Amino acid sequence: QQKVQQSPESLSVPEGGMASLNCTSSDRNFQYFWWYRQHSGEGPKALMSIFSDGDKKEGRFTAHLNKASLHVSLHIRDSQPSDSALYFCAASASSGQKLVFGQGTILKVYL
Amino acid sequence: AQTIHQWPVAEIKAVGSPLSLGCTIKGKSSPNLYWYWQATGGTLQQLFYSITVGQVESVVQLNLSASRPKDDQFILSTEKLLLSHSGFYLCAWSLDWGGPGQLYFGEGSKLTVL
């Protein structure tokens, strides 16, 4: 079973709209969470990290973490066509080398 | 500034043929290095990691091998390609071992096995 589950599989929002992506972990050892974004044909790039319960805002992006429910979300305000990409949630434990990725959410921002 | 370069950008190979993909990291001393595999539009599967020169650990068995001949170089190879090897191969580096460390990915190598 995938240890990091993302939903929805794909999402379409209008330009200027709000996109909300979700991620749930099944492993309580995971302490650190990341959101990565991958444009077609490129390598993934880290968007933001969140390690503590609550919200973290960086520009148009807000991440929310609830460790009790092992749930992470990413909200993109004022979505732009350039935000169209594959978004990955990733989690790691406090020790060990492995960053575990979810299966990804495809975001399409249409004009 | 740190740079990560992968080569080749793309390869089309026949089943049973050998393969070598490479990755070079400049501007960082003794990084942790990783190879990931990605099916088209799929998740990222870690294949190998290396903490230091000459030492490589395998995460999954996919008839692939990896080597780290220099501090800044990571090589992925196989002597006989399978159809299932097709996909996008990504090299990455990090400074932190475990914990909250960020991964920095290269631009990837697209492999098509026919």
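Because the structure is predicted, anything quoted here is derived from the model rather than measured. Reminder, nothing fancy here: chain letters follow the sequence lines and each chain counts from 1.
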Query raised in the report: Which region of B:Q38, side chain (C-beta onward) or backbone (N, CA, C, O), has a non-hydrogen atom less than 4.5 Å from a non-hydrogen atom of chain A, or is it both or neither?
Result: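 When you check distances to chain A, only side chain atoms of B:Q38 fall under 4.5 Å.
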Query raised in the report: So which part of B:L90 gets closer than 4.5 Å to some heavy atom of chain A, the side chain, the backbone, both or neither?
Result: side chain
Query - Best-contacting candidate, A:G43, A:G104, A:P44, A:A46, against chain B by heavy atom pairs under 4.5 angstrom - result: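 Option with the top pair count is A:P44.
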Requested in this report: Quick one: sort the A:F33 and A:F30 rings into parallel, tilted or perpendicular, breaks at 30° and 60°.
Outcome: perpendicular
Query - Nearest-0.5 Å distance, CG of residue B:D71 to CG of residue B:L33 - result: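 Here the rounded value is 7.5 Å.
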Query raised in the report: Aromatic ring centroids of B:Y34 and B:F74 under 6.0 Å?
Result: no
Query - Pair B:W93 and B:Y104, ring centroids less than 6.0 Å apart - result: yes
Query raised in the report: What part of A:Q6 is in contact with chain B, defined as an atom under 4.5 angstrom from a non-hydrogen atom: side chain, backbone, both or neither?
Result: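 When you check distances to chain B, no heavy atom of A:Q6 falls under 4.5 Å.
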